[in-house]
Amino acid sequence: MEFDTIAAISTPPGEGAIAIIRLSGPEAIQIADRIFYAKNSLSDAESHTIHYGHIKEDGEVIEEVMATVMRAPRTFTREDVVEINAHGGIVSVNRVLQLLLRNGANLAEPGEFTKRAFLNGRIDLSQAEAVMDLIRAKTDRAMGVAIRQMDGNLSRLIRNLRQEILDALAQVEVNIDYPEYDDVEEMTQRMLLEKTELVRASVEQLLQTASQGKILREGLATAIIGRPNVGKSSLLNQLIQEEKAIVTDIAGTTRDIIEEYVNVRGVPLRLIDTAGIRETEDIVEKIGVERSRKALADADFILLVLNQNEELTVEDEALFEAAAGHNYVVVLNKTDLETKLDIEKVREIAGENPIVATSLVNDEGLEALEEAIKTLFFAGDIDAGDATYVSNVRHIALLHQALEALNAVTTGIQLGMPVDIVQIDMTRAWDLLGEITGDSVQDELLDQLFNQFCLGK
């Protein structure tokens, strides 16, 4: 399969020290050579060399650049690639790109470089998705998982499982077509059952990491809730180490939700500071309270803040009811003041959910809160180097479907169904696992996946 030559700016938009314009395709070097002027031609350059020169248009110098030549197949896309390193000005970089497009290159679609790496066999689909996971990683652990998936750890495991299934299917065909023993059907069912149990155990092991993997990949939508003036905005500011939210003694200061990402001991949280939930006649505050209720309903995790200097109110109890069914931590704030809250009643209502005491004005209790969050989601340290780690939502869904197909195989054998019927579910499991690596995948899915990528990646 041969493609046209594409070009795009591969560095983030805006001003910077350096910007990179990338070309990939059969005419990448020739197109770059038409606008690059130096002592030696890029067409004569050896692979993986970098050259100093100027970009010219109609004899006018428009940029001073370094051009890197990488010849197929030893490139990311397995095509000829040229990367032009220019000064990071918006005008000059776009002018170089436009000049390349006028000289025969086509503007790359989002993710097209990575898509070509997949289509040309450089990486499989799970590795391609790991590229975007690496770009979006918000913690060291998430980055470690993405790097190992890029290295092909997950791909190798999936392919080994598919090979086990394929070996079983091949043996079934041999036993059916060339029966040598009277008990061939019993032997075939026993062999199928053993293989199914082997593959199912590996799939279940992968799925055991799924919940933590999804957290690492996507982060937790974390709603900070509580009555007005209990310290929600102060907690947000402490966690992100920045005065993001306005803090006053006036109830109802926060009128809208404020969102911010933070890394709490390897747990990525998307913090949502909500308006204090209470009954109010103020129209603007009422809108904020409604948005707070929606953020609470959509949250993966809740930080429920109480004022230890006040008695438990009906509104507090209503917040506990709203948080039921979610993972949450109770934050007893303002421990620097006299304790008026019935702590035992709070413990009774919270049940097994952690309770942490803090004095945010004195910077006390934050470490205990961070440790409680880490323990709640990552009981014991998660091993980002585990080769069997899975974090992608699409992969998790396919593994669940493959597990259902394998369970159907086991059920069919136990019910005494004919082997040729049972092997239909076995083949379905093989196909589903192949969708993870892209060995069996439709073009529509590829387009959908790669359109989520950055332009120039």
Side-chain angles (χ1 to χ4, degrees), residues 220-239 245 247-254 257 264-265 267 269 271-282 285-286 288-379:
L220 288 166
T222 305
I224 305 176
I225 67 169
R227 289 186 294 109
N229 208 27
V230 295
K232 300 184 301 299
S233 296
S234 296
L235 178 57
L236 174 78
N237 291 339
Q238 287 278 14
L239 287 171
V247 178
T248 74
D249 293 330
I250 303 171
T253 299
T254 302
I257 60 175
V264 175
R265 303 200 179 186
V267 185
L269 304 181
L271 292 173
I272 306 168
D273 179 22
T274 63
I277 298 178
R278 65 170 180 172
E279 295 301 323
T280 177
E281 296 302 321
D282 185 300
E285 187 180 359
K286 187 178 289 187
V289 170
E290 288 304 314
R291 290 184 178 180
S292 296
R293 295 187 192 280
K294 185 178 186 306
L296 172 59
D298 295 340
D300 300 313
F301 174 52
I302 293 169
L303 293 172
L304 199 165
V305 187
L306 300 176
N307 183 353
Q308 194 169 260
N309 184 237
E310 297 176 353
E311 294 182 359
L312 198 69
T313 67
V314 174
E315 290 173 326
D316 291 326
E317 293 180 359
L319 289 174
F320 274 105
E321 291 179 9
H326 293 78
N327 287 307
Y328 68 88
V329 172
V330 179
V331 180
L332 303 181
N333 192 30
K334 304 189 180 184
T335 57
D336 52 299
L337 302 176
E338 180 186 355
T339 300
K340 297 181 180 179
L341 189 68
D342 186 342
I343 306 297
E344 289 305 316
K345 185 173 182 180
V346 170
R347 293 188 189 281
E348 181 182 337
I349 297 173
E352 298 182 358
N353 293 285
I355 300 175
V356 179
T358 65
S359 173
L360 296 173
V361 294
N362 293 333
D363 296 337
E364 294 173 0
L366 201 61
E367 288 191 7
L369 175 59
E370 291 181 349
E371 185 62 30
I373 293 171
K374 174 190 170 186
T375 303
L376 186 61
F377 291 101
F378 295 153

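Bear in mind the structure is a predicted one, so any value in this text is a computation, not a measurement. Nothing fancy with the numbering, it's 1 onward along the sequence.
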Practice prompt. Tell me, with the steps shown, if Val331 and Leu304 meet side chain to side chain contact (heavy atoms under 4.5 Å, CB included).
Written response: CA-CA 6 Å; Val331 180; Leu304 199 165; over 6 Å; no
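Under the rule for a ring-ring contact (aromatic ring centres under 6.0 Å, His included), the partners of Phe301 that lie at least two apart in sequence or sit in another chain are Phe377.
Among all heavy-atom pairs drawn from Leu319 and Gly226, the shortest one is CD1-CA, 3.5 Å. Closest approach of Gly365 and Val356 over heavy atoms only: O-CG1, 3.7 Å. Looking at every heavy atom in both residues, Gly231 comes nearest to Leu360 through O-CD1, 3.5 Å.
Residues Gln238 and Asp363 bring a donor and an acceptor atom of their side chains to less than 3.5 Å of each other. No hydrogens or angles considered: a donor-acceptor pair under 3.5 Å links the side chains of Asp316 and Thr313.
Applying side chain to side chain contact (heavy atoms under 4.5 Å, CB included) to Lys232 and the options Asn229, Leu236, Leu235, Val230 leaves one that passes, Val230.
The CG atom of Leu269 lies 9.0 Å from the CD1 atom of Ile224; values are rounded to the nearest 0.5 Å. In this structure, OH in Tyr328 is found 4.0 Å from CG in Asn353, a value given to the nearest 0.5 Å. Interatomic distance, NE2 of His326 versus CD1 of Ile225, reported as 9.0 Å (0.5 Å rounding). With rounding to the nearest 0.5 angstrom, the CG atom of Leu369 is 6.0 Å from the CG atom of Leu239. Here the CD atom belonging to Glu311 is positioned 10.5 Å from the CG atom belonging to Asn309, to the nearest 0.5 angstrom. Distance CD1/Ile349 to NZ/Lys345: 5.5 Å, rounded to 0.5 Å.
By the 4.5 Å heavy-atom criterion applied to side chains, Leu312 and Val346 are counted as neighbours. With contacts defined as side-chain heavy-atom distances shorter than 4.5 Å, the pair Arg347/Ile355 qualifies.
At distances below 3.5 Å, not a single donor-acceptor pair connects side-chain atoms of Asn333 with backbone N or O atoms of Leu306. Under a 3.5 Å cut-off, the side chain of Thr222 and the backbone N or O of Ile302 do not form any donor-acceptor pair. Side-chain N or O atoms of Asn362 include none that pairs as donor or acceptor with a backbone N or O of Glu364 at under 3.5 Å.
Other residues, nucleotides and ligands contribute more than 12 heavy atoms inside 6.0 Å of the CD atom of Glu317.
Taking 4.0 Å as the cut-off between side-chain N and carboxylate O, Glu310 and Lys334 do not count as a salt-bridged pair.
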